[in-house]
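Below you'll find the structure, written out as structure tokens, and then a few comments.
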Amino acid sequence: MYYTECRKWFFSLVCLLNASLGFSQENFTAFWQPSVAVNYDLTSTYSHNFSVQNRNFIYEDETATLSTRQVDVVHFSNLRIRENQSIALGILYRFRDVFENSSNELRLTQQYNIQNRPLSVRYGHRLRSEQRISTIRTVHRFRYRFSLDFPLKGEKLDIGEPYLVGNLENLLSVAKSLKPQYDLRLTAHIGWKLSQKTKVQIGSEYRFEDYAQNLENVFFILTNLNFSL
């Protein structure tokens, strides 16, 4: 039952993403964002995550293009506090001034994550607070994400088999002298477990940015390669 319902939820999300592309050409931007991540366990409860991601314009100002916008270097330290719960601290540095007339960014993140797996489906709830620091201003952002993932074959994910991941995330950004900004993000991935320590994912994300005031529609094509050491 859980498996069937989650399949329906996931494919509904995919249809919504595709439909949004057809009806949201005004204030529309599209990116391709590849990333590589490495996970490293120091102990059974403490781990590190390192990643690098590159964001590239593929559609801007009603024109197809291919140009780099930024490169992010990210590190997270994760501590499991219970069997299904963890806390984490993260730091990100965004290189943007090399590619366009904009400020680089330092981002600090505090995170709480809880997961449950009643059957073959894993549910996750993630809370984050962030401080986005640039030469222009400091923005405080608060995020909640609901996610689920499950194998497409059987009850357990084996090597060589595909799996699905879906996310729904709400964000609130606040800063001095600015009105609060509300964002909504819908993400869908299909992934493959290539080996015991390697996974690859391909997906898309649709963002409704600042939807309460000045809606911006942003679409991402996402490609991820994940290693575990």
Side-chain angles (χ1 to χ4, degrees), residues 17 20 24 26-37 48-61 65 67-79 86-114 124-147 167-189 203-222 224:
L17 290 175
S20 297
S24 301
E26 186 177 355
N27 296 327
F28 176 77
T29 307
F31 295 98
W32 169 46
Q33 183 165 287
S35 67
V36 177
H48 289 294
N49 174 272
F50 300 90
S51 64
V52 177
Q53 57 189 27
N54 165 225
R55 185 174 300 178
N56 307 277
F57 286 104
I58 56 175
Y59 187 88
E60 184 186 19
D61 297 329
T65 183
S67 60
T68 300
R69 187 183 194 190
Q70 66 198 38
V71 173
D72 296 340
V73 179
V74 190
H75 170 259
F76 269 89
S77 293
N78 302 277
L79 177 65
S86 65
I87 56 175
L89 296 175
I91 184 169
L92 173 151
Y93 195 82
R94 173 164 292 169
F95 298 90
R96 184 175 283 181
D97 64 356
V98 177
F99 307 105
E100 62 179 41
N101 185 23
S102 184
S103 172
N104 290 347
E105 178 184 322
L106 174 67
R107 183 182 305 181
L108 307 177
T109 302
Q110 304 80 43
Q111 174 179 296
Y112 170 72
N113 191 63
I114 181 170
H125 303 273
R126 189 184 75 183
L127 294 172
R128 277 185 175 179
S129 61
E130 296 176 337
Q131 301 79 49
R132 303 181 61 182
I133 304 166
S134 67
T135 57
I136 302 172
R137 64 176 61 90
T138 296
V139 177
H140 298 272
R141 190 159 68 176
F142 306 93
R143 307 170 60 167
Y144 165 73
R145 187 188 76 179
F146 171 75
S147 63
N167 300 318
L168 171 63
E169 185 171 24
N170 282 286
L171 301 89
L172 166 63
S173 300
V174 294
K176 187 176 180 180
S177 303
L178 292 179
K179 293 182 179 180
Q181 176 177 322
Y182 298 90
D183 301 340
L184 176 66
R185 299 178 180 180
L186 303 171
T187 310
H189 280 97
S204 61
E205 178 174 279
Y206 205 94
R207 298 183 180 182
F208 302 89
E209 296 190 346
D210 200 13
Y211 60 79
Q213 300 177 72
N214 184 27
L215 175 63
E216 295 286 339
N217 301 281
V218 185
F219 179 73
F220 284 79
I221 297 173
L222 305 171
N224 307 319

Please check if any side-chain donor atom of E100 sits under 3.5 Å from a side-chain acceptor atom of Q70, or the reverse.
no
ring-ring contact (aromatic ring centres under 6.0 Å, His included) filter on F220, not counting sequence neighbours, yields F31
Distance only, no hydrogens: is a donor on one side chain within 3.5 Å (strictly under) of an acceptor on the other, for D183 and Q181?
yes
Atom pair CG/NE2 of N49 and H75 - distance to nearest 0.5 Å
8.0 Å
With rounding to the nearest 0.5 angstrom, report the CD1 to OG1 distance, I58 to T29.
10.5 Å
Please report the interatomic distance CZ(R69) to CD(Q33), rounded to the nearest 0.5 Å.
10.5 Å
Residue list, salt bridge (Lys or Arg N to Asp or Glu O under 4.0 Å) with R107, at least two apart or on another chain
E105
Basic-acidic side-chain contact under 4.0 Å: R141, E130
yes
The test is side-chain contact (heavy atoms from CB on, under 4.5 Å); show your working for Q110 and R128 and say whether it passes.
CA-CA 6 Å; Q110 304 80 43; R128 277 185 175 179; over 6 Å; no
Which pair of heavy atoms, one from N104 and one from R96, lies closest together, and at what distance?
OD1-N, 2.8 Å
How long is the gap from OG on S103 to CG on D97, to the nearest 0.5 Å?
7.0 Å
Report the C-alpha separation of L171 and Y182 in whole Å, then their side-chain angles, then the decisive distance to 0.1 Å, and conclude whether the side-chain contact (heavy atoms from CB on, under 4.5 Å) test is met.
CA-CA 6 Å; L171 301 89; Y182 298 90; over 6 Å; no
Taking the ring centre of each residue, are F57 and Y59 less than 6.0 Å apart?
no
What I'd like to find out is whether the side chain of L89 reaches to under 4.5 Å of the side chain of Q111, using heavy atoms alone.
no
Please walk me through it: do F76 and V74 pass side-chain contact (heavy atoms from CB on, under 4.5 Å)?
CA-CA 7 Å; F76 269 89; V74 190; 3.8 Å; yes
How are the rings of F50 and H48 set relative to one another: parallel (under 30°), tilted (30 to 60°) or perpendicular (over 60°)?
tilted
Let me confirm one number: the CD1-CH2 distance from I221 to W32, rounded to the nearest 0.5 Å.
9.5 Å
For a quick check under 3.5 Å, do T65 and E60 share a side-chain donor-acceptor pair by atom type?
no
So which heavy atom on N113 is nearest to which on R126, and how close?
OD1-CB, 3.5 Å
Start with the C-alpha distance between L186 and F208, add both sets of side-chain angles, then the distance that settles side-chain contact (heavy atoms from CB on, under 4.5 Å), and finish with yes or no.
CA-CA 9 Å; L186 303 171; F208 302 89; 4.1 Å; yes
When rounded to the nearest 0.5 Å, the distance separating CG of L92 from CD1 of I133 is 11.5 Å
Take N167 and H189 through the test side-chain hydrogen bond (donor to acceptor under 3.5 Å, both in side chains) and record every step on the way to the result.
CA-CA 9 Å; N167 300 318; H189 280 97; 4.9 Å; no
Given 3.5 Å as the limit, does a donor-acceptor pair link the side chain of Q213 with the main chain of P180, or not?
yes
Here the pair of heavy atoms bringing S204 nearest to L222 is C-CD1, 4.3 Å
Could you tell me whether E216 and R207 make a salt bridge, using a distance below 4.0 angstrom between a side-chain N and a carboxylate O?
no
Please check if the distance between the ring centroids of F146 and Y144 is under 6.0 Å.
no
Does either side chain, that of N56 or that of T68, offer a donor lying less than 3.5 Å from an acceptor on the other one?
yes
With no hydrogens and no angle check, just 3.5 Å: does a side-chain donor-acceptor pair link S51 and S35?
no
Do V52 and D72 have side chains that get closer than 4.5 Å, going by heavy atoms?
no
